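Residue numbers start at 1 and run along the sequence shown. Since the model is a prediction, treat every value here as computed from it, not as a measurement.
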Amino acid sequence: MAGTTVRPTAARSVWSRDFGLFFTARAVARLGDTMLPVALAAGLLQHGYGAGAVGLAMAATAAAFAGLVVFGGVLADRFSTRKLMIGADLVRLGTQALAAALFYSGHVVLWQICAIGFANGVAGAVFQPGVASTVPRLASDVQGANGAIRVAESAAQLAGPAVAGLLVGFASPGGVFAAHAATYALSALCLLLLRLPPLAPGSRPPSSGRGRSKDFRADLVEGWREFRSRPWLWSVIAVWCVYMIAVWGPTVPLVATEVVQEHGPRAYGLVNSALGAGTVVGGLLALRLRPRRMLRAGAVGLVGFAAFPASVGAGLGLPAMAAGAAVAGAGMSFWGVMWATSVQTQVPPDVLNRIHAYDVAGSLAMMPVGQALAGPAASVLGADHVLLLSGATSFAVCAALLLIPAVRGLVRVEAATGPGGTPATTGPPSRTQKC
């Protein structure tokens, strides 16, 4: 029965007024986020700063997010996730509006832009954990909901840089920041109109500060304990750290360098577009395919990512590299939906936000290490050899996932609609949960 395909319960399991609002909020926010790198690069370079300044501004956001997202998970389990997400969007609306004003005025100071980026990272760390628990509360077909959101975010990722380029060309970098601020305003509005159903019976309702029997630190420790108690969960994160160092980290900068040097920036744009198109296809596949063992199927799909670094490292032609990028995007996207759905349906609602925060922090922790090591490794071995090694390591990572019994044997848990229309996961609890 391992290969049994389960059909979607019904279209209404995903699409409703409230899920439509959340779907719109995520798609619009993603569109804005993909516009930001173009705005930062164009704006800072225009004001006399170099590539290092652009990297520093981006790093300020990434550092704040990665360092604080675990604490955001505790907040999300203690308070209303909807209110926290609205507040985070409003903070980012303000910071991006301020950035737009600075660029419009021509008074651009790097430390101010970095401070704005840091504030955005803090807001993102508060926002992100609540996403995990919101999806299963809005849709009983959790996989379908994740697939739909993944398709929308992938499409936004394709459109965002192009929209930002047009705004920079016809307006200014300040116009991109103003548009980015508007995306947060629209996201906040959608979340304000959103009405989350009540928590499933037996879930611990959020409450404020001293009303809880345990303090903040105890909640943090409890989240770590819950994380460690699920072998399928922590083992995937452990493997993923290797993936970030040896595969994803080197692939992003080295592919950009190799393709631009050999074929020009337009070719790199084409390869990136193929990667984005592949992620859309992967999301669509995740809407249709319902494997009983989701992590096993996701790991098999993830094998496709090896085609991306390997095709560039092997020096294949542009069509082959674009095809490899499309296959890679599809595999990564399919794995992403399988993983997110597993976490959301296998973890109890009262600790889900904290678990998701540990998941995000662990998944991102090693990416900067891989990016930092990419240059020295390329100097010693050659960029092409590093990329070929990344492709081979991608196969090894997928094999490692499939060799872990708790991962390959994890059986999907279907979500059922509880009393009053509340989505609630059903199925026996398992020590070998999730992925």
Do the ring planes of Tyr358 and Phe227 sit parallel (below 30°), tilted (30 to 60°) or perpendicular (above 60°)? tilted

Does the Arg82 side chain pair with the main chain of Leu191, one donor and one acceptor, at a distance under 3.5 Å? yes

Is the backbone of Trp224 close enough, under 3.5 Å, to the side chain of Arg354 for a donor and an acceptor to pair up by distance? no

Can you check whether Met332 reaches Phe308 side chain to side chain, under 4.5 Å on heavy atoms? no

One pair to check against side-chain contact (heavy atoms from CB on, under 4.5 Å): Leu401 and Arg408. What are the steps and the verdict? CA-CA 7 Å; Leu401 291 173; Arg408 70 170 184 268; over 6 Å; no

Can you list the steps and then say if Val176 with Phe103 is a side-chain contact (heavy atoms from CB on, under 4.5 Å)? CA-CA 10 Å; Val176 184; Phe103 278 98; over 6 Å; no

State, to 0.1 Å, how close Asp18 and Leu193 come at their nearest heavy-atom pair, and which atoms those are. OD1-O, 4.4 Å

May I ask you to test the Arg296-Leu410 pair for a side-chain heavy-atom distance under 4.5 Å? no

Where the side chain of Thr341 meets the backbone of Met338, is there a donor-acceptor pair that is under 3.5 Å apart? no

Which heavy atom in Ala123 sits nearest to a heavy atom in Val91, and how many Å separate them? CB-CG1, 4.1 Å

Would you call the rings of His180 and Tyr184 parallel, tilted or perpendicular, taking 30° and 60° as the class edges? tilted

State which residues pass side-chain hydrogen bond (donor to acceptor under 3.5 Å, both in side chains) with Arg30; sequence neighbours excluded, sorted by chain then number. Gln157

Between Phe19 and Phe23, how do the two ring planes meet: parallel, tilted or perpendicular, split at 30° and 60°? tilted

Hey, mind stepping through Val312 and Val271 against side-chain contact (heavy atoms from CB on, under 4.5 Å) and telling me if it holds? CA-CA 10 Å; Val312 178; Val271 170; 5.7 Å; no

Is it true that a side-chain atom of Gln143 and a backbone atom of Ala286 form a donor plus acceptor pair closer than 3.5 Å? yes

Could I get the full list of side-chain contact (heavy atoms from CB on, under 4.5 Å) partners for Leu373, not counting sequence neighbours? Ile245, Val369

Gly329 backbone acceptor or donor facing Ser333 side chain under 3.5 Å: no

Considering only heavy atoms from C-beta outward, does the side chain of Met85 approach that of Thr134 to under 4.5 Å? yes

Should Leu158 and Ser273 be marked as a side-chain contact (heavy atoms from CB on, under 4.5 Å) after you check the CA-CA gap, both sets of side-chain angles, and the distance that decides it? CA-CA 6 Å; Leu158 276 172; Ser273 296; 4.3 Å; yes

Only counting residues at least two apart or in another chain, list the ones meeting side-chain contact (heavy atoms from CB on, under 4.5 Å) with Ser154. Arg150, Thr279, Val280

Heavy-atom pair with the smallest gap, counting every atom of Val131 and Gln344: O-NE2, 4.4 Å

What pairs of donor and acceptor atoms, side-chain ones from residues 379-392 against any protein atom, are under 3.5 angstrom apart with sequence neighbours left out?
unit_1, atom_1, unit_2, atom_2, d
Ser379, OG, Gly375, O, 3.1
His385, ND1, Leu381, O, 3.1
Ser390, OG, Ala246, O, 2.8
Ser390, OG, Val386, O, 3.1

Do Cys190 and Val28 touch side chain to side chain, with heavy atoms closer than 4.5 Å? no

Write down the atom of Pro231, the atom of Ala406, and the distance for their closest heavy-atom approach. CB-CB, 3.9 Å

Any donor and acceptor pair, going by atom type alone, linking the side chain of Asn146 with main-chain N or O of Val142 inside 3.5 Å? yes

Can you give me every donor-acceptor pair (side chain of residues 321-328, partner residue at least two apart or in another chain, under 3.5 Å) with its distance?
none

Where at least one partner belongs to residues 131-157, residue pairs that pass ring pair (Phe, Tyr, Trp, His ring centres under 6.0 Å), sequence neighbours excluded: none

So, the side chain of Gln128 versus the backbone of Gly73: is there a donor-acceptor pair under 3.5 Å, distance only? no

Is the NZ or CZ atom of Arg137 positioned over Phe22's six-membered ring, under 6.0 angstrom from the centre and within 45° of the axis? no

Within the 3.5 Å criterion, strictly below it, is a donor on Thr61 or Asn120 matched to an acceptor on the partner's side chain? no

When you measure from the side chain of Arg288 to the backbone N and O of Leu284, does any donor-acceptor pair fall under 3.5 Å? no

Least distance between heavy atoms, Ser394 atom then Val247 atom: N-CG2, 3.7 Å

Do Trp240 and Trp339 have ring centres separated by under 6.0 Å? no

Scanning both residues in full, the closest heavy-atom pair of Ala306 with Phe395 reads CB-CE1, 3.6 Å

Within the side chain of Thr81, is there an N or O that forms a donor-acceptor pair under 3.5 Å with the backbone of Ala76? no

I'd like to know if Asp141 and Arg290 make a salt bridge, using a cut-off of under 4.0 Å between side-chain N and carboxylate O. yes

Flag the pair Met35 / Leu167 as yes when at least one side-chain heavy-atom distance between them is below 4.5 Å, and no otherwise. yes

